[in-house]
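Below you'll find the structure, written out as structure tokens, and then a few comments.
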Amino acid sequence: MKEKLLIPSILDAHFPLMKYAFLTREYDPVILSQGKEVLAVGLRYTHNDMCWPLAMMTGQMIDALSSGKFDPSRTKLLMPTVGDACRGSNYTDLLRKAIVRAGFPQTRVLNLNLKHIDTENQLPVTPVMVWRSLFALFYGDLIMLLVQQVRPYEKRRGDTERLRDRWLKKLGDELRECRRLDLNIMVNRFRTITRSFKRIPRTDAKKQRIALVGELYTKYCSLGNWDMVRFIEESGCESFTNGLSWYVIYYIDAQLVRLPEIAALGYRAVGRVLERLQKSMISALTEEGFYSLPPLHTIKSEAEGIISTGASVGDGWLIGAETAGYFHHGCKKVLAVQPFGCMPSHIFGRGIYSSVARECGGQIVSIDMDSSGTPLNAYNRARMLIDS
């Protein structure tokens, strides 16, 4: 009998497909989906000085264990970390203490990182897991980018999400069964998926495009950013969140190539494959009239002299590079969302926003997400950008 592998919601657009990477003979993955009520649970078992993502993810996991839906002795918790100096790399130890205090000492906490931290509790990474993740990464990126550009203009409410769900079902079945996981098929699918979204009837309305940048959890998780994408759309605008593949290539460029030379060579080779696939995805979008930032290394080179590309902790120089990239490529309003107290986001992001705006000509509004904050304050700051 398989054990349950509980994974906190982090990547809304990607986890419906990415969960199949963790589907093995041992584990049945479950992406947790509770709402904002988990914050109270998280604060009960974590110090309020720790960052917003830790409180929310701890709350989700303990709430799930307390629900009675899972056998704590046959359930494991997975905490993905990047393995760098960010506090996110300490989450697994903090989560272990929290679940013991909550009364679940029999539930083991696993981690997933590429730097072999806490190896005795590391979830084994298999070739099948990596291959499935590759397809989930780019399919998730493409569908997210298309949904955010089509949904604000659809003539029939719900068309975009219905098409999204059909594609997620089809692609999810293929990932689960390990069918049609061929790179040539994926590249061709980029155009097929893009054209299917282009056929959705849309209005001719002209709306502001508001770009989101920031830390991973607050950028890609609606629970982490108080459903900011939906708020932007309900305010009469189009929201744009750049794809996760830019972060993955950034992470290889900024951190993994600093490993011992043999390992670095391998990651450089992986990075080149990812870059080729990313360019194919971007071409599929732009050829059909959709918007995309250029490939990672293009926006990096364009940001030289505006930001420091030596900052590699957490989201590091990617935050500034994406911000400058938006300004260079026609999107002049950027909403930066980060956890309060997230040092990489504050130093490498917030600390340079004013200079990036001056250099590139654009507007940035920064919002801190925190357990002591409220959605209303965040929405008010977003309206400052929308209405300016």
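All values below were derived from every heavy atom in this structure, side-chain atoms included, with hydrogens, water molecules and symmetry-related copies excluded. Starting from 1, each residue takes its place in the sequence as its number.
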- Message: I'd like to know whether Q278 forms a side chain to side chain contact (heavy atoms under 4.5 Å, CB included) with F138, so could you lay out the CA-CA distance, the side-chain angles of the two residues, the decisive distance to 0.1 Å, and finally the verdict.
- Response: CA-CA 8 Å; Q278 188 181 73; F138 283 104; 3.9 Å; yes
- Task: Please assess K300 against D253 for the test salt bridge (charged side-chain N to carboxylate O under 4.0 Å, His left out), listing each intermediate value before the final yes or no.
- Result: CA-CA 11 Å; K300 179 185 179 183; D253 180 276; 3.0 Å; yes
- What's the verdict on side chain to side chain contact (heavy atoms under 4.5 Å, CB included) for I210 and F240, showing C-alpha distance, side-chain angles and the deciding distance? CA-CA 6 Å; I210 307 295; F240 188 91; over 6 Å; no
- Between H297 and E275, does a side-chain hydrogen bond (donor to acceptor under 3.5 Å, both in side chains) hold up when you go through it step by step? CA-CA 9 Å; H297 282 96; E275 288 170 8; 2.8 Å; yes
- Could you walk me through whether Q363 and S388 pass side-chain hydrogen bond (donor to acceptor under 3.5 Å, both in side chains), step by step? CA-CA 9 Å; Q363 295 174 277; S388 63; 2.8 Å; yes
- Would you please test E174 and R189 for salt bridge (charged side-chain N to carboxylate O under 4.0 Å, His left out) and show each step? CA-CA 13 Å; E174 292 178 359; R189 276 268 178 77; 2.8 Å; yes
- Message: Working note: E161 + R230, criterion salt bridge (charged side-chain N to carboxylate O under 4.0 Å, His left out); need CA distance, chi angles, decisive distance, verdict.
- Response: CA-CA 13 Å; E161 292 183 356; R230 183 68 66 179; 2.8 Å; yes
- For Y27 and F22, run ring-ring contact (aromatic ring centres under 6.0 Å, His included): C-alpha distance rounded to whole Å, both residues' side-chain angles, the deciding distance at 0.1 Å, then the answer. CA-CA 7 Å; Y27 298 120; F22 305 105; 9.4 Å; no
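Summarising the geometry of H14 relative to A136, their closest heavy-atom pair is CD2-O, 4.0 Å, with the distance given to 0.1 Å. For the residue pair E215 and S345, the shortest heavy atom distance occurs at CB-OG, 3.6 Å. When every heavy atom of Y45 is checked against every heavy atom of A98, the shortest pair comes out as O-CB, 3.6 Å. In terms of heavy-atom proximity, L385 sits nearest to V365 at CB-CG2, 3.7 Å. Here the closest non-hydrogen pair linking P339 and H346 is O-NE2, 3.7 Å. Counting all heavy atoms, side chain and backbone alike, G224 lies closest to M369 at O-CG, 3.6 Å.
Salt-bridge annotation for R191 and E288: absent, with no side-chain N of the basic residue lying under 4.0 Å from a carboxylate O of the acidic one. Of the charged side-chain nitrogens involved, at least one lies within less than 4.0 Å of a carboxylate oxygen, so that D173 and K169 count as a salt-bridged pair. The pair D159-R151 fails the salt-bridge criterion, with no side-chain N (NZ, NE, NH1 or NH2) lying under 4.0 Å from an Asp/Glu carboxylate O. Between K219 and E322 there is a salt bridge, with a side-chain nitrogen of the basic residue lying less than 4.0 Å from a carboxylate oxygen of the acidic one.
Checked by atom type, the side-chain pair T218/N225 shows no donor-acceptor distance below 3.5 Å. One side chain, T160 or E154, offers a donor N or O that lies under 3.5 Å from an acceptor on the other. Side chains of Q122 and N111: no donor on one and acceptor on the other come within 3.5 Å. In the model, D141 has a side-chain atom that pairs as donor or acceptor with a side-chain atom of S245 under 3.5 Å. Side-chain contact of W167 with S196: a donor-acceptor pair under 3.5 Å is present, judged by distance alone. Side-chain polar atoms of K333 and Q208 form a donor-acceptor pair below 3.5 angstrom. Between the side chains of S366 and Q338, at least one donor N or O lies within less than 3.5 Å of an accepting N or O.
No continuous path of ILVMFWY side-chain contacts below 4.5 Å connects V128 to L134, so the two sit in separate hydrophobic clusters. In the hydrophobic cluster analysis, where Ile, Leu, Val, Met, Phe, Trp and Tyr join through side-chain heavy atoms closer than 4.5 angstrom, M384 is grouped apart from M228. Both V125 and L181 are members of a single hydrophobic cluster when ILVMFWY side chains are connected at heavy-atom separations under 4.5 Å. Hydrophobic clustering (ILVMFWY, side-chain heavy atoms < 4.5 Å, transitive): V270 and V130 are in one cluster. V248 and L265 fall into different hydrophobic clusters, where Ile, Leu, Val, Met, Phe, Trp and Tyr are joined by side-chain heavy atoms under 4.5 Å apart, directly or via other members.
Atom CG of residue L39 and atom OG of residue S371 lie 6.0 Å apart, to the nearest 0.5 angstrom. Atom OH of residue Y379 and atom OG of residue S235 lie 9.5 Å apart, to the nearest 0.5 angstrom. Rounding to the nearest 0.5 Å gives a distance of 9.5 Å between CG of L183 and CZ of R276. How far CG of D227 is from CD1 of I232: 10.0 Å, rounded to the nearest 0.5 Å. Going from atom OH of Y217 over to atom CD1 of I10 covers 8.0 Å, rounded to the nearest 0.5 Å. Taken from CE in M18 to CG in L23, the straight-line distance is 14.5 Å, to the nearest 0.5 Å.
Of the listed residues (V41, T107, V38, L77), just one forms a side chain to side chain contact (heavy atoms under 4.5 Å, CB included) with I62, and that residue is V41.
The backbone N or O of F327 lies less than 3.5 Å from a partner atom in the side chain of K332, making a donor-acceptor pair. Side-chain atoms of S308 come within 3.5 Å of backbone atoms of G310 as a donor-acceptor pair (strictly under, hydrogens ignored). A donor-acceptor distance shorter than 3.5 angstrom exists from the side chain of Q60 to the backbone of S9, with no hydrogens or angles considered. Panel note: side chain E37, backbone G35; a donor-acceptor pair is recorded below 3.5 Å. Remark: the backbone N or O of D63 is not paired with any side-chain donor or acceptor of S66 at under 3.5 angstrom. Between the side chain of T192 and the main chain of N188, a donor-acceptor pair closer than 3.5 Å is present.
Outside the 6.0 Å centre-distance limit, the rings of W317 and W246 are not counted as a close aromatic pair.
Inter-residue side-chain proximity for Y220 and T241 is flagged as met; some heavy-atom pair is nearer than 4.5 Å. Residues L212 and S239 are in side-chain contact: their nearest non-hydrogen atoms beyond the backbone lie under 4.5 Å apart. Residues F290 and L145 fail the side-chain proximity criterion, which asks for heavy atoms closer than 4.5 Å. Contact of the V150 side chain with the R202 side chain is registered, since non-hydrogen atoms from C-beta on lie closer than 4.5 Å. Using a 4.5 Å heavy-atom threshold, the side chains of W226 and K36 count as separate. Between L146 and L163, every side-chain heavy-atom pair lies at or beyond the 4.5 Å cut-off. R96 is listed as a side-chain neighbour of N121, based on a closest heavy-atom distance under 4.5 Å.
Under a cut-off of 6.0 angstrom, the local environment of CZ in R157 is sparse, with at most 12 non-hydrogen atoms contributed by other residues, nucleotides or ligands. The number of heavy-atom neighbours closer than 6.0 Å to NZ of K2, taken from other residues, nucleotides and ligands shown, is above 12.
A parallel orientation is assigned to the rings of Y326 and Y291, their planes being inclined by less than 30° (bins at 30° and 60°). Taking the six-membered ring where the residue is Trp, F135 and W131 present perpendicular rings, their angle passing 60° and hence far from 30°.
Geometric assessment of K207 against the ring of Y153 yields a positive cation-pi assignment under the 6.0 Å and 45° thresholds.
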